[in-house]
Amino acid sequence: MLEKQDLPLIVQSDMTVLLDYEHPRSEEARKKLCLFAELIKRPGNWHTYKISSLSLWNAASSGMDAQVIIESLRSYARYGIPGVMESNIRKLMDRYGKLRLEIYEDKLLLAGEEVLLNELAAHKAIFECLGERSSGGAWAVNPEYRGQLKQELIRLGYPVLDLAGYHTGEALSVALRPATLQGKPFFLRDYQRQAVELFYKEGTIQGGSGVIVLPCGAGKTIVGIAALARLNSATLILTSNATSVQQWKEELLDKTTLQPSEVGEYTGASKQVRPVTIATYQILTHRKSKKDSFSHMKLFSERDWGLIIYDEVHLLPAPVFRMTAEIQATRRLGLTATLVREDGCEEDVFSLIGPKQFELQWKTVEAEGHIAAVKCTEIRVPLDQGMSELYHSAEKRSRLRLAAENPGKVAVVRQLLERHNGTPTLIIGQYLNQLHAIADTLKVPVITGELPQEERQTLYEQFKSGEVPVLAVSKVANFAVDLPDAAVAIQISGSYGSRQEEAQRIGRILRPKDGLNEAWFYTVVSDDTSETDYAARRQLFLLEQGYQYELEKSPY
């Protein structure tokens, strides 16, 4: 039996936990930590995790309690658990479920301990959402304020257990096909079925809202389609771009009994409102000027939707959050590969879309062969001599771009293309000038937001067929672009330290592959520059999922 001093965690009173990544038991400790903590930095072999109120409440929503978390920490803690840490975990976990939204005699009520209700009602933002006090001590709530109240309460540190239920919406007859239109057998994987069941919860008031977290390539779209078929009601699907709209439509027609006349596209090019309607976030938030209203937000009320699916929920823009606050009686399903939001609005996802109902670790799905096994490598490139003096004299913001656009990266990309000759490859970058320059040099086509949608789709199809083996792509390909054969991704620049973007970019190559089911993800960064610091932050999410980055030094 290992001595206490040989355990991999150092638990600190400020709610941080240090993981010794070189320890032989680090992987089993990491898997436990990921259930209730978030990786925030990794200086050397010590990875720092933060336990927050939101990470604990998401754990509580999945059925974990304070004692389970404390025992998990205690079993791996080198020096035990500080008393203040244990006390904080119990206090925060105890708040989950302290407040409840319920329906009683057709009235929406906020129920809970009387002392707590009195204390919270003293806050102006809360009191404005409340009506009369019932004889039982609960506060009446105007249904229009259901979402706003949940937002305000979670900001005060009290998540609400919403048990007020949902309306059924417009009926729609739809079922999953036993075989696709091409005759291939179709069935849900075990984890997809489990995700739907946890969201649905047999149609009870405990189900009907929440977020499903699955790796890119693991079938989030299938989970959404299965939820739609389970509810049999009119559904509004919101997604990130027009390409994704097409992919959702193709999947719906291929794997359900829906007819083309029942599925509508609501984009810049088409405004069809049908029993199942697929729209982009961009069209919903489009307006002529900042003074004008969002005219397409009326889509939320154009039909009696029984379900709204938020694809890539981590991208949800603020105006859609505001509209979602007003439709809390409609069932809501969020789909994402990562709950990380760079704008810090995770609490809004929790309160308005719902808590995390199901999450599957990426490495778990990989081990089952449902996504490709990915080797991650960071390649350090010396800063081009002609740029060195300019870099060191530039301001901080300009330095990052100069490092990112280092011309020395071109030789590395060329070498990687030779190493993986014949393997479908994506070259991914942030800066358009850099992408165009490298595409011209290497004679490969490039896709950016400037390219019309029809031309993008043509290039995607040529890539899928093998006619075009290499594509250079901007951030337009970060989300919901289905390129199943892509097996190599070469990242030449990114959005600062965006963990969210790193997860989405590796997602482009995770679709299962024939043969050895392998893929390669390269990040090319300029050595001894600020770009290495940003790259380290970008990698945090994938490290949390169990991936490791090998480090190479380029000779160029």
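Small disclaimer: the values here were computed from a predicted structure and weren't measured.
- Considering Arg274, Lys271, Gln246 in turn, Gln246 is the only one that fulfils the side-chain hydrogen bond (donor to acceptor under 3.5 Å, both in side chains) rule with Glu265.
- Counting only N and O atoms by type, the side chains of Asn241 and Gln282 include no donor and acceptor under 3.5 Å apart.
- Taking both residues in full, the closest heavy atoms of Ala503 and Thr338 are given as CB-CG2, 4.1 Å, listed atom of the first, atom of the second, then distance.
- Between Ile509 and Ala487 the shortest heavy-atom distance is CG2-C, 4.0 Å.
- Counting heavy atoms from C-beta on, the side chains of Leu284 and Phe294 never come closer than 4.5 Å.
- With hydrogens and angles disregarded, no donor-acceptor distance shorter than 3.5 Å links the side chain of Thr336 to the backbone of Val213.
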List the steps, then state whether side chain to side chain contact (heavy atoms under 4.5 Å, CB included) holds for Ile309 with Arg332. CA-CA 6 Å; Ile309 297 175; Arg332 304 169 305 284; over 6 Å; no
List the steps and the verdict of side chain to side chain contact (heavy atoms under 4.5 Å, CB included) for Leu416 and Val488. CA-CA 9 Å; Leu416 291 173; Val488 179; 6.0 Å; no
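- Panel note: side chain Gln192, backbone Arg189; a donor-acceptor pair is recorded below 3.5 Å.
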Let me see the working for Gln247 and Glu251 under side-chain hydrogen bond (donor to acceptor under 3.5 Å, both in side chains), right down to the final yes or no. CA-CA 6 Å; Gln247 289 170 184; Glu251 288 288 271; over 6 Å; no
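- Between the side chain of Arg511 and the backbone N or O of Ala486 there is no donor-acceptor pair closer than 3.5 Å.
- Distance alone, capped at 3.5 Å, is enough to place a donor-acceptor pair between the Gln434 side chain and the Ala404 backbone.
- Without hydrogens or angle criteria, Thr277 side chain to Val273 main chain gives no donor-acceptor distance under 3.5 Å.
- Pairs engaging residues 185-208 under the ring-ring contact (aromatic ring centres under 6.0 Å, His included) rule: Tyr191-His370 [sequence neighbours left out].
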Indicate every side-chain donor-acceptor pair of residues 217-230 with a distance under 3.5 Å to a residue at least two apart or in another chain.
unit_1	atom_1	unit_2	atom_2	d
Arg230	NH1	Glu197	OE1	3.4
Arg230	NH1	Glu197	OE2	3.2
Arg230	NH2	Glu197	OE2	2.6

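- Formation of a donor-acceptor pair under 3.5 Å by the Arg177 side chain with backbone atoms of Thr256 is found in this model.
- Side-chain contact check for Lys31 and Gln361: no donor-acceptor pair (N or O, by modelled atom type) lies under 3.5 Å.
- Using a 3.5 Å distance cut-off with no hydrogens or angles, the side chains of Ser495 and Gln430 do pair a donor with an acceptor.
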Between Ile278 and Leu252, is a side chain to side chain contact (heavy atoms under 4.5 Å, CB included) present by the stated rule, with each step listed? CA-CA 11 Å; Ile278 316 163; Leu252 284 162; 4.0 Å; yes
Run the side-chain hydrogen bond (donor to acceptor under 3.5 Å, both in side chains) check on Ser289 and Asp292 step by step: do they pass? CA-CA 5 Å; Ser289 72; Asp292 291 318; 3.0 Å; yes
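- Within the 4.5 Å cutoff, side-chain heavy atoms of Asp254 are placed close to those of Gln182.
- Shortest non-hydrogen contact noted between Ala164 and Ile103 is O-CG1, 3.3 Å.
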Take Thr204 and Glu202, measure what side-chain hydrogen bond (donor to acceptor under 3.5 Å, both in side chains) needs, and give me the verdict at the end. CA-CA 6 Å; Thr204 65; Glu202 298 182 345; over 6 Å; no
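- Residues Val525 and Glu378 share a closest heavy-atom pair of CG2-OE2, 3.6 Å.
- Formation of a donor-acceptor pair under 3.5 Å by the Ser498 side chain with backbone atoms of Tyr496 is not found in this model.
- Without hydrogens or angle criteria, Trp362 side chain to Cys216 main chain gives no donor-acceptor distance under 3.5 Å.
- Looking only at distances, a side-chain donor or acceptor of Asn517 sits under 3.5 Å from a matching main-chain atom of Ile371.
- Among all heavy-atom pairs drawn from Ser244 and Asp311, the shortest one is OG-OD2, 3.7 Å.
- Residues Pro260 and Leu253 have side chains in contact (heavy-atom distance under 4.5 Å, counting atoms from C-beta outward).
- For the 3.5 Å distance criterion, the side chains of Gln500 and Gln504 fail to qualify, holding no donor opposite an acceptor.
- Ring geometry for His420 versus Trp520: interplanar angle of 30 to 60°, hence tilted.
- Donor-acceptor pairing under 3.5 Å is lacking for the side chains of Thr523 and Tyr549.
- Side-chain atoms of Thr448 and His436, non-hydrogen and from C-beta on, do get closer than 4.5 Å to each other.
- None of Glu347, Glu38, Lys356 except one satisfies the side chain to side chain contact (heavy atoms under 4.5 Å, CB included) rule with Leu54; the exception is Glu347.
- Side-chain atoms of Arg499 do not come within 3.5 Å of backbone N or O of Leu540 as any donor-acceptor pair.
- In this structure, Glu501 pairs ionically with Arg538, as a charged nitrogen and a carboxylate oxygen lie closer than 4.0 Å.
- More than 12 heavy atoms of other residues, nucleotides or ligands shown are found within 6.0 angstrom of CD on Glu461.
- Looking at Lys201 and Gln357, their side chains do bring a donor and an acceptor atom within 3.5 Å of each other.
- Just one residue in the list Arg537, Gln491, Gln539 forms a side-chain hydrogen bond (donor to acceptor under 3.5 Å, both in side chains) with Glu502, and that residue is Gln491.
- The pair Glu152-Arg155 counts as a salt bridge, with a side-chain nitrogen and a carboxylate oxygen less than 4.0 angstrom apart.
- Here the side chains of Arg146 and Asp162 are in contact, with some heavy-atom distance below 4.5 Å.
- For the pair Ile490 and Val524, the minimum side-chain heavy-atom distance is below 4.5 Å.
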Could you check Val211 against Glu359 for side chain to side chain contact (heavy atoms under 4.5 Å, CB included), going step by step and ending with a plain yes or no? CA-CA 9 Å; Val211 178; Glu359 180 174 16; over 6 Å; no
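- Because its NZ or CZ atom is not both nearer than 6.0 Å to the ring centre of Phe350 and within 45° of the ring axis, Arg341 does not count as a cation-pi partner of that residue.
- Judged purely by distance below 3.5 Å, without hydrogens or angles, the side chains of Gln453 and Thr243 pair a donor atom with an acceptor atom.
- Listed by first and then second residue, the ring-ring contact (aromatic ring centres under 6.0 Å, His included) pairs that reach into residues 219-268 are Tyr266-His296, sequence neighbours excluded.
- Among Leu352, Leu108, Leu101, the single residue meeting the side chain to side chain contact (heavy atoms under 4.5 Å, CB included) criterion with Gln328 is Leu352.
- Nearest heavy-atom pair, Gln151 versus Ala325, reported as atom, atom and distance to 0.1 Å: OE1-CB, 4.1 Å.
- Annotation: side chain of Leu176 is not in contact with side chain of Lys255 (no heavy-atom distance under 4.5 Å).
- Using a 4.5 Å heavy-atom cutoff, the side chains of Ile438 and Val410 are in contact.
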